[in-house]
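Each remark here refers to the structure printed beneath this line.
Numbers restart at 1 for each chain; the letters A, B, ... are given by sequence-line order, proteins then strands.
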Amino acid sequence: MTSDLFAGLEPKQSAQENMAKGAILLRGQAVARADDLLAAIGKVSAASPFRNMVTPGGHVMSVAMTNCGQAGWVTDRSGYRYDGIDPQTGQLLPEMPESLLTVATEAATKAGYPDFRPDACLINRYEPGARLSLHQDRNERDMANPIVSVSLGLPATFQFGGLKRNDPVKKYALLHGDVAVWGGPSRLCYHGVMMLKDGEHPVVGRMRLNLTFRGAL
DNA sequence: TAGTAACC
DNA sequence: TGAG
């Protein structure tokens, strides 16, 4: 038997080694609610616009981001952190829309994390050419909370590695409506998104949107 | 190294 | 040419 990590989705590469447990990909889980999610993203980004933040190293990220919830992930020259205020607007972050909260908690429950109550949602917008290099989500207070990631729009290739940066990485297609959840032993696994290929999605257009739910506080 | 580039 |  192979690992049930991301059960239901074959790795794009042929290797079939087991990976850390605690992660699953729920293919198409959010397709039926895509319209609601997109409308909610529109409201959030009207209040807190997408922007390309700067890393501590001084590089402008190719992925444009915004946040909703009690706290949002931000980066600038001084480092990574969670903040309840949008540094660009100076305003409190928009509340997390009910439709987003619901999709996150339902997916978490299916994945075996029934108590997950996210207080932060990072919204990533990938245009063709955008990418996110391999990293860990490690700025959250309580690592008992999983990460829930919802994909909308153009397909992307997701890289999922291990707890060490040099651990081998497997690749998975993330399609419109897919929800990936990782936690427990896989909570701190390195992951990233390969450069988005050009294309046109019938509902979302020429972009990929990703919602990442976290328990940050 | 939440980045990029060079080089095999 | 593209993946690594």
Inset, instruction - Name the nucleic acid region contacted by A:Asn139, choosing base, sugar-phosphate or nothing; use a 4.0 angstrom heavy-atom cut-off, strictly under. - result: base
Legend entry - Whole angstrom value for the distance that separates P of C:dG4 from OH of A:Tyr190: 19 Å
Inset, instruction - Tell me what A:Arg214 touches on the nucleic acid: a base, only sugar-phosphate, or nothing, going by heavy atoms under 4.0 Å. - result: base
Inset, instruction - Mind calculating the distance between CG (A:Leu132) and P (B:dT4) to the nearest angstrom? - result: 10 Å
Legend entry - Interatomic distance where CG belongs to A:Asn52 and P belongs to B:dT4 [whole Å]: 11 Å
Inset, instruction - Any strand is fair game: report the nucleotide pairing with C:dG4 by Watson-Crick or G-U wobble, both distances under 3.5 Å, or none. - result: B:dC8
Inset, instruction - To the nearest Å, give me how far apart CD (A:Gln159) and C1' (C:dA3) are. - result: 11 Å
Inset, instruction - Using whole Å, report how far NE2 of A:His135 lies from P of B:dT4. - result: 14 Å
Legend entry - Short side-chain N/O contact to C:dG4 OP1/OP2 from A:Lys171, under 4.0 Å: yes
Inset, instruction - Check whether more than 12 heavy atoms from other residues, nucleotides or ligands sit under 6.0 Å from atom CD of A:Gln88, and answer yes or no. - result: yes
Inset, instruction - Answer yes or no: does atom CZ of A:Arg141 have more than 12 heavy-atom neighbours from other residues, nucleotides or ligands under 6.0 Å? - result: no
Inset, instruction - Identify whether the distance between the nearest side-chain nitrogen and carboxylate oxygen of A:Asp86 and A:Arg51 falls below 4.0 Å. - result: yes
Legend entry - d(CG, A:Asn166; P, C:dG4) in whole Å: 16 Å
Legend entry - Donor-acceptor contact present, side-chain A:Asn67 to main-chain A:Trp73, <3.5 Å: yes
Inset, instruction - Under 4.0 Å between any heavy atoms, over every strand shown, what does A:Arg165 touch: base, sugar-phosphate, or nothing? Just pick one. - result: base
Inset, instruction - Would you classify A:Thr55 as touching base, sugar-phosphate or nothing, given that sugar-phosphate means primed atoms plus P, OP1 and OP2, and contacts are heavy atoms under 4.0 Å? - result: sugar-phosphate
Legend entry - Pair A:Glu140-A:Tyr82, side-chain donor/acceptor within less than 3.5 Å: yes
Legend entry - Spacing between A:Arg131 atom CZ and B:dA5 atom P, to the nearest angstrom: 9 Å
Legend entry - Whole-Å distance separating the NZ atom of A:Lys197 from the P atom of C:dA3: 8 Å
